[in-house]
Amino acid sequence: MTDADDFLDRVDAFARGPVARAAPGWSMGQTPDPGLIRDAAAIGLTGITTPTAFGGKGQGFATLAEACETLAAVEFGFAMSLVNTQNVGLRLCLSASDAVRDMYLPRLLSGEISACTALTEPGVGTDFAAVTTRATEADGTWRIRGEKTWIINGRHAGLAMVFAQCGADRDATGIGGFLVDLNQPGVRRYPIDSGFAQTSMGTGGFVLEDAVAAGLLLPPGGAFKSILTEINAARCYVAAMCNGLLGEAIAQAAAYGAQRESFGKPLDQHAAWRQPLGAAATDLAASRALTGRAVSQIATGQDAQLSAAKAKIAATETAQRHIPQMLHAMGAAGLRPEYCFTRHLAAAHIAGFTDGATGILRDRVARLTGTDVSPSRR
Ligand SMILES: Cc1cc2nc3c(=O)[nH]c(=O)nc-3n(C[C@H](O)[C@H](O)[C@H](O)COP(=O)(O)OP(=O)(O)OC[C@H]3O[C@@H](n4cnc5c(N)ncnc54)[C@H](O)[C@@H]3O)c2cc1C
């Protein structure tokens, strides 16, 4: 058994055990026990692609995507929370000074603190180049003023990658990526609650009033381009998560249909009852094929802009279309929190916003495809 297989087996056991037991409560507004985050970290879920030399699992991107799918099949919000922490840990390895990395990375890897990536502001979402959070330097120290909102882990993160403008308004090349310790004076945070719950995602915002940056990790000039490249990887793992959501919904509906009877026989003995499951399984296979192609392009360092956009559109829309059908196949029981349907339906819609809204991605695909729709065009 390879290290990757062993790791993925542990992720599966963790997801199907403690995460599955806690998930119904999270859909009713409870928040994850910090002990569970430390347990996730002990498996390696906050350092999947962090090099082993720095204490991580040293796994490749394909393993990360599979771990995300496995976890999201049980609970999307928790998967999103962990992968956001893991991403900041990797960024520390790639761009931070040794001193800053050594100060924060062990705490991320142990699950002592979580981390977030903060682009969105109250007045700025899709049009990321318009961020108004400002970073100014004096005597070698960067200070940050502004507000970030709708941030995964924003309500509890100890550390944030904050994107702020250092140059003229709306100048994409003036944006820099700063590491900010959120446990300092000058940081005021707030939770964002929603009827779609997902409290496990820890969504919140924070106001930075002259917060001191712990480091400039992505300097102006390259930060904007870097985030556009990294977001392709995020689109792939979000696509994988959506495949996990729908796969689990199909499996739970099928299991229910095998034992619940109507008109003297199990539901799954009625052809009309089975057909939505067949349609969902077919579309899921197509979505998984697109996701697999995009994941393999990211894993091998190829340009995945087009394939990642296609994968995310297909996976989110496939999940959004079929999860309601699976819920319907359950009858009223599908609404109960011990089943995945309402949580996964909310998650599929949230996935349609994060890391590139579907409408914007469709436009991207149209522009990158142009007139070339040959089989080799990916
Ligand atoms: C649960 C959750 C977690 C999130 N986590 C994070 C996080 O960790 N970090 C972070 O930085 N952000 C995060 N976000 C924010 C997310 O990235 C934004 O919601 C997203 O960028 C869209 O921005 P917006 O919501 O402000 O929509 P807007 O930009 O206001 O757009 C509103 C609608 O108009 C559409 N639209 C906008 N411009 C165009 C156009 N030119 N053409 C056609 N349609 C257009 C959009 O697609 C959208 O449907 C999160 C959001 C949610 C819901």
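Each ligand, and each atom within it, is numbered from 1 in the order the structure gives.
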Where is the nearest protein heavy atom to atom 24 (P) of ligand 1: which residue, which atom, and how far? Gly125 CA, 4.0 Å

Would one find more than 12 heavy atoms of other residues, nucleotides or ligands at under 6.0 Å from atom CZ of Arg189? yes

Using a plain distance cutoff, I'd like to know if Ile350 has any nitrogen or oxygen under 3.5 Å from a nitrogen or oxygen of ligand 1. no

Is there a donor-acceptor pair closer than 3.5 Å between any side-chain N or O of Glu147 and the backbone N or O of Thr133? no

Taking side chain as C-beta onward, heavy atoms only, is Tyr256 less than 4.5 Å from Asp268? no

Protein non-hydrogen atoms only, distance under 4.0 Å: does atom 32 (C) of ligand 1 have such a neighbour? no

Heavy-atom count check: over 12 atoms from other residues, nucleotides or ligands less than 6.0 Å from Arg321 CZ? yes

Under 4.0 Å from atom 35 (C) of ligand 1, can you find at least one protein heavy atom? no

With Ser287, which of Thr318, Asn243, Thr282, Thr316 fulfils side chain to side chain donor-acceptor pair (under 3.5 Å)? Asn243

Best match, Leu361, Ile151, Thr120, Asp355: closest heavy atom to atom 15 (C) of ligand 1: Thr120

Check this for me: does any side-chain nitrogen of one of Glu69 and Arg288 sit under 4.0 Å from a carboxylate oxygen of the other? yes

Which residue and heavy atom of the protein sit nearest atom 2 (C) of ligand 1, plus the separation: Thr354 CG2, 3.9 Å

Exercise check, heavy-atom protein proximity under 4.0 Å to atom 26 (O) of ligand 1: yes

Thr149-ligand 1 polar pair, N/O distance under 3.5 Å: no

Heteroatom distance test (Trp150, ligand 1): nitrogen or oxygen, under 3.5 angstrom: yes

Indicate yes or no: at least one non-hydrogen side-chain atom of Trp26 is less than 4.5 angstrom from one of Thr31. no

Using every non-hydrogen atom in the two residues, find where Val100 and Ala214 come nearest and quote the distance to one decimal. CG2-O, 3.5 Å

Starting from atom 20 (C) of ligand 1, locate the nearest protein heavy atom and write down its residue, its atom name and how far away it is, to 0.1 Å. Phe353 O, 3.7 Å

Would a search of protein heavy atoms around atom 49 (O) of ligand 1 find one under 4.0 Å away? no

Hey, which atoms in ligand 1 end up nearer than 4.0 Å to a heavy atom of Thr117? 7 (C), 8 (O), 9 (N), 10 (C), 11 (O)

Arg134 bridged to Asp210 by N-O distance under 4.0 Å: no

Hey, does Ile152 come in under 3.5 Å of ligand 1, counting only N/O atoms on both sides? yes

Taking atom 10 (C) of ligand 1 as the reference point, report whether a protein heavy atom occurs under 4.0 Å from it. yes

When you look for heavy atoms under 4.0 Å from ligand 1, do you find them on the side chain of Met201, its backbone, both, or neither? side chain

Quick one: does ligand 1 sit under 4.0 Å from the side chain of Asn153, the backbone, both or neither, non-hydrogen atoms only? neither

among protein heavy atoms, the one nearest atom 41 (N) of ligand 1 is Ile360 CD1, 4.1 Å

Is it true that Arg362 and Glu317 make a salt bridge, defined as a side-chain N closer than 4.0 Å to a carboxylate O? yes

Short N/O distance, under 3.5 Å, between Thr126 and ligand 1? yes

Do Phe163 and Phe224 have their ring centres less than 6.0 Å from each other? no

Tell me which one of Val207, Ile144, Asp181, Leu182 satisfies side chain to side chain contact (heavy atoms under 4.5 Å, CB included) with Val187. Leu182

Protein heavy-atom partner closest to atom 47 (O) of ligand 1 - residue, atom, separation in Å: Ala357 CB, 3.2 Å

